[in-house]
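Quick note: numbers below take in every heavy atom, side chains included, and nothing from hydrogens, waters or symmetry partners. The model shown is predicted, which means the values in this text are computed figures rather than measured ones. Throughout, protein chains are lettered first and strands after them, A, B, ... in sequence-line order, and every chain is numbered starting at 1.
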Protein chains: 2
Amino acid sequence: MAPVKEETTELRILEAAREVFTRKGMAGTRMQEVADAAGINKALLHYYFRDKQRLFEGVFKGSAEKQFGCIWDSLQQCDSLFPAIEAFVGAYLERVIEEPGLPLFLANEMSRDPEGLAAFIDRGQGSRARFLKLVEEARARGEIIDIDPRELLVNIMALCAHPFIARPMLAHIHGITEEGFRRMILKRRKTVPEFIIRSIRA
Amino acid sequence: MAPVKEETTELRILEAAREVFTRKGMAGTRMQEVADAAGINKALLHYYFRDKQRLFEGVFKGSAEKQFGCIWDSLQQCDSLFPAIEAFVGAYLERVIEEPGLPLFLANEMSRDPEGLAAFIDRGQGSRARFLKLVEEARARGEIIDIDPRELLVNIMALCAHPFIARPMLAHIHGITEEGFRRMILKRRKTVPEFIIRSIRA
DNA sequence: GGCAATATTAACCATTTGGTTAAAATTCGT
DNA sequence: ACGAATTTTAACCAAATGGTTAATATTGCC
């Protein structure tokens with residue numbers, strides 16, 4: 001019938017775990033605290049997710065693959081660079097705002113175990129190649145200045161990801177709220193592509 | 001009497017602790033591991049630094065605060081925006097390349113305990129205000145387009161910090177080495193200010 | 001209703017961990 | 001050389017923590 005936010009125990013656990021993990025990090029999270037936050041017994045955590053590592057991956061890995069799959073795919077429908085940049089930045093910000101802990105999680109996991117997420121990264125390989133080709137083509141048509149395509153991609157990723165990673169810093173500096181942060185991110189859907197395109201337009 | 005890198009025990013501890021803390025974070029760091037890395041007994045750690053929290057602060061004050069103090073200070077000698085951007089980006093990249101784990105470490109600690117590092121952030125408050133003023137002035141003089149100064153600062157920080165935070169990802173994607181990464185960062189001392197200034201110049 | 005499968009809990013357990021203590025080694029002024 | 005102060009260590013300890021077990025409650029099926 002109507003999928004009314006099915007309140008299964010497993011979902012309650014995942015929700016609670018995500019909250020605690022993003023706040024305290026893998027090492028700083030206590031299984032007991034997750035259990036409390038989910039309103040269940042600690043043993044039940046191990047019943048649903050065998051151990052801490054699996055719980056951690058259960059929380060982030062799935063959504064990471066889903067979200068970033070969509071983000072990269074947003075490129076596939078674009079056949080010139082500027083719309084591609086707009087599409088990518090828009091998709092990134094819109095998806096990640098729904099799960100703002102993802103970028104920091106990914107940075108940490110990559111740092112701790114580079115091989116572990118290699119497959120995940122390679123997933124975007126095709127779209128990445130496509131993006132680089134779009135840059136070359138735009139360059140050939142004289143639409144943009146001479147710039148290293150890989151460096152451009154790094155800059156785009158930087159402008160997308162950093163506000164999420166530095167969120168607590170921004171929150172402190174600008175005394176920003178949850179809702180204020182959201183507005184800032186959504187505003188960046190326009191300003192970031194503009195910022196980039198102004199910089200590279202021939 | 002050349003000050004030949006006085007190898008006092010306290011310095012060995014601080015050095016070892018800095019390395020472990022930045023790699024594993026506050027919660028993930030084990031006092032035993034720091035002791036081992038410093039080649040001393042664990043009890044000696046508590047002899048020099050009463051507890052984990054004080055050790056953490058001791059390391060942090062000597063390392064992160066000094067580095068970022070210099071980076072922010074690089075602004076003080078500039079009296080117009082574009083040179084200020086060049087100085088800031090240059091100082092950031094040159095200093096942080098010597099301790100590439102720092103940005104991710106800071107992002108994590110800010111996320112875990114926002115209050116704990118609040119004082120550290122406020123340290124840069126003066127320079128931050130100065131930067132914002134330089135932006136206003138440049139805009140008043142018609143040197144740059146109309147842009148939210150705070151958003152500009154976020155973008156600058158993003159372009160500086162992100163390569164360090166995403167290093168393992170870049171390493172995997174571009175098959176980059178330690179030395180290659182260093183070269184890329186040093187090249188960005190030029191390309192990043194250029195990228196920014198092209199985007200904001202009126 | 002009854003019974004097998006699933007979900008949930010309280011009580012435990014082994015290990016890890018931050019921190020202490022008391023004794024041994026070293027340094028240093030005299 | 002000697003004794004006091006400082007530095008260093010080995011052995012401990014109590015609390016916290018990830019994880020297990022065995023028993024209980026609940027659900028779903030006939």
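- Put simply, CG on B:Leu44 is 15 Å from P on D:dT6, counting in whole angstrom units.
- Phosphate contact (OP1/OP2 of C:dA7, side-chain N/O of A:Thr9, threshold under 4.0 Å): absent.
- Spacing between atom CZ of A:Arg54 and atom C1' of D:dG18 amounts to 14 Å, rounded to whole angstrom units.
- Note: B:Tyr92 and B:Phe164 have tilted aromatic rings, judged against thresholds of 30 and 60 degrees for the angle between ring planes.
- Across the protein-nucleic acid pair, A:Gln32 atom CD and D:dG19 atom C1' stand 12 Å apart, rounded to whole Å.
- Atoms NZ (A:Lys24) and P (D:dA16) sit 14 Å apart, rounded to a whole Å.
- For A:Ala43, counting side-chain heavy atoms from C-beta on, the closest listed nucleotide (C:dG19, D:dT7, C:dA10) is C:dA10.
- No donor-acceptor distance shorter than 3.5 angstrom exists from the side chain of A:Lys24 to the backbone of A:Arg30, with no hydrogens or angles considered.
- Side-chain nitrogen and oxygen atoms of A:Arg30 include none within less than 4.0 Å of the OP1 or OP2 phosphate oxygen of D:dA16.
- A:Glu179 has no carboxylate O lying under 4.0 Å from a charged side-chain N of A:Arg183, or vice versa, which leaves the two without a salt bridge.
- By the 6.0 Å and 45° rule, A:Arg167 stacks over the aromatic ring of A:Phe181.
- Nucleotide D:dG19 holds its P atom 14 Å from the CZ atom of A:Phe49, rounded to whole Å.
- Following rounding to the nearest Å, A:Lys42 (NZ) and D:dT17 (P) show an atom-to-atom distance of 10 Å.
- Note: CE (A:Met31) to P (D:dG19) measures 6 Å, nearest angstrom.
- As rounded to whole Å, 19 Å separates atom P of C:dT15 from atom NZ of A:Lys52.
- Across all strands shown, B:Tyr48 has heavy atoms under 4.0 Å from sugar-phosphate atoms exclusively, and none from any base.
- A:Asn41 comes within 4.0 angstrom of a nucleotide base, judged by non-hydrogen atoms across all strands.
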